[in-house]
K.L.:
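Below is the structure I would like to discuss, written out as structure tokens.
Proteins come first, then strands; the chains are lettered A, B, ... in the order of their sequence lines, and each starts at number 1.
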Amino acid sequence: MNYWLFKSEPDEYSIDDLAGEPTGQGRWDGIRNYQARNLLRDQVQVDDPVFFYHSSCKQVGIAGIAQVTKAAYPDPAQYDPQSPYFDAKANTEAPRWYCVDLRFVKKFENPISLARLKAEPGLAAMVLLKQGRLSIQPVTDAQWNTILALTK
DNA sequence: GCCAACGTTGGC
DNA sequence: GCCAACGTTGGC
């Protein structure tokens, strides 16, 4: 089992959107970066816990927790010419892009801001702080626990 | 396979 | 809206 941090712009898809999914699950699609794709396809497993991170918004930071309910499968949006995530070079024999399904677990009463994460000495090695642009990131056990402690 | 040009992400 | 960081594209 691995811990993760997934980034989303809340204007596009927020933790409240996930919490409000009528089926109880949401699809994490639209990943169009190879490094993120590889992590999603090869390492993200069912039941892995995920920090839900809000980027490019008023309250940048970790908004809550989700959990993987379905491991990687080809992202249907890559085949849909109407979708902004359409990829003409993708085909069903050789999918390029993958997605997973998530369920909502909890929303933090107080989101943990990026500034707070930066201020925490134990988190200096976080991928988020080292390689800010990666949208699917591994989180170590120690980092996970350190961050959870900040919510209390 | 190098690398310049270009596009995107994302914090501020 | 600016701009730094960095990923991707494409000519050679």
K.L.:
Do A:Phe51 and A:Ile65 touch side chain to side chain, with heavy atoms closer than 4.5 Å?
P.N.:
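The answer is yes, as the side chains (C-beta and beyond) meet within the 4.5 Å cut-off.
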K.L.:
Could you pull out all residues at least two apart from A:Arg37 that satisfy side chain to side chain donor-acceptor pair (under 3.5 Å)?
P.N.:
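Residues passing side chain to side chain donor-acceptor pair (under 3.5 Å) with A:Arg37: none at all.
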K.L.:
Going by salt bridge (Lys or Arg N to Asp or Glu O under 4.0 Å), name the residues that satisfy it together with A:Arg116, two or more places apart in sequence or in a different chain.
P.N.:
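Residues passing salt bridge (Lys or Arg N to Asp or Glu O under 4.0 Å) with A:Arg116: A:Glu120.
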K.L.:
Here's a test for you: under side-chain contact (heavy atoms from CB on, under 4.5 Å), which of A:Asp48, A:Asp141, A:Val46 qualifies with A:Met1?
P.N.:
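For A:Met1, the side-chain contact (heavy atoms from CB on, under 4.5 Å) check succeeds only for A:Asp48.
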K.L.:
Residues of residues 111-132 of chain A with any non-hydrogen atom less than 4.0 angstrom from an atom of DNA chain B: list those, numerically ordered, please.
P.N.:
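Result for residues 111-132 of chain A: A:Leu114, A:Lys118, A:Gly132, sorted by number.
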K.L.:
By the ring-ring contact (aromatic ring centres under 6.0 Å, His included) test, which pairs, at least two apart or in different chains, include something from residues 88-136 of chain A?
P.N.:
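Residue pairs with at least one partner in residues 88-136 of chain A: A:Tyr34-A:Trp97.
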K.L.:
Any chance the side chains of A:Gln35 and A:Gln131 put a donor and an acceptor closer than 3.5 Å?
P.N.:
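Yes.
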K.L.:
Using a 3.5 Å distance criterion without hydrogens, assess whether the side chain of A:Asp101 forms a donor-acceptor pair with backbone atoms of A:Gln25.
P.N.:
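Judged by distance alone, no pair lies under 3.5 Å.
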K.L.:
Among residues 51-66 of chain A, which ones have heavy-atom contacts with DNA chain B below 4.0 Å?
P.N.:
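Per residue number, the list reads A:Tyr53, A:Ser55, A:Ser56, A:Val60.
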K.L.:
Using five pairs at each end of the helix from B:dG1-C:dC12 to B:dC12-C:dG1 to define an axis, what is the angle between those two axes, to 10°?
P.N.:
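Axis-to-axis angle, ends of the helix: 10°.
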K.L.:
Does anything in residues 67-77 of chain A pair up under salt bridge (Lys or Arg N to Asp or Glu O under 4.0 Å), and if so which pairs, sequence neighbours excluded?
P.N.:
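Every pair satisfying salt bridge (Lys or Arg N to Asp or Glu O under 4.0 Å) with a residue in residues 67-77 of chain A: A:Arg32-A:Asp75.
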K.L.:
Once side chain to side chain donor-acceptor pair (under 3.5 Å) is applied, do any residues pair with A:Gln45, and if so which ones, sequence neighbours excluded?
P.N.:
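Partners of A:Gln45 under the side chain to side chain donor-acceptor pair (under 3.5 Å) test: none.
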K.L.:
With A:Glu9, which residues qualify under side chain to side chain contact (heavy atoms under 4.5 Å, CB included), at least two apart?
P.N.:
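Side chain to side chain contact (heavy atoms under 4.5 Å, CB included) check on A:Glu9 returns A:Glu12, A:Ser55, A:Ser56.
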K.L.:
With sequence neighbours left out, what residues match A:Asn145 under side chain to side chain contact (heavy atoms under 4.5 Å, CB included)?
P.N.:
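A:Asn145 satisfies side chain to side chain contact (heavy atoms under 4.5 Å, CB included) with no other residue.
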K.L.:
Output all residues satisfying side chain to side chain contact (heavy atoms under 4.5 Å, CB included) with A:Gln67, sequence neighbours left out; order by chain, then residue number.
P.N.:
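With neighbours one apart ignored, the set is A:Asp47, A:Arg103, A:Val105.
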K.L.:
Can you give me the first and the last nucleotide of DNA chain B (5' to 3') that has an atom within less than 4.0 angstrom of a non-hydrogen atom in chain A?
P.N.:
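Contacts span B:dG7 to B:dC12, reading 5' to 3'.
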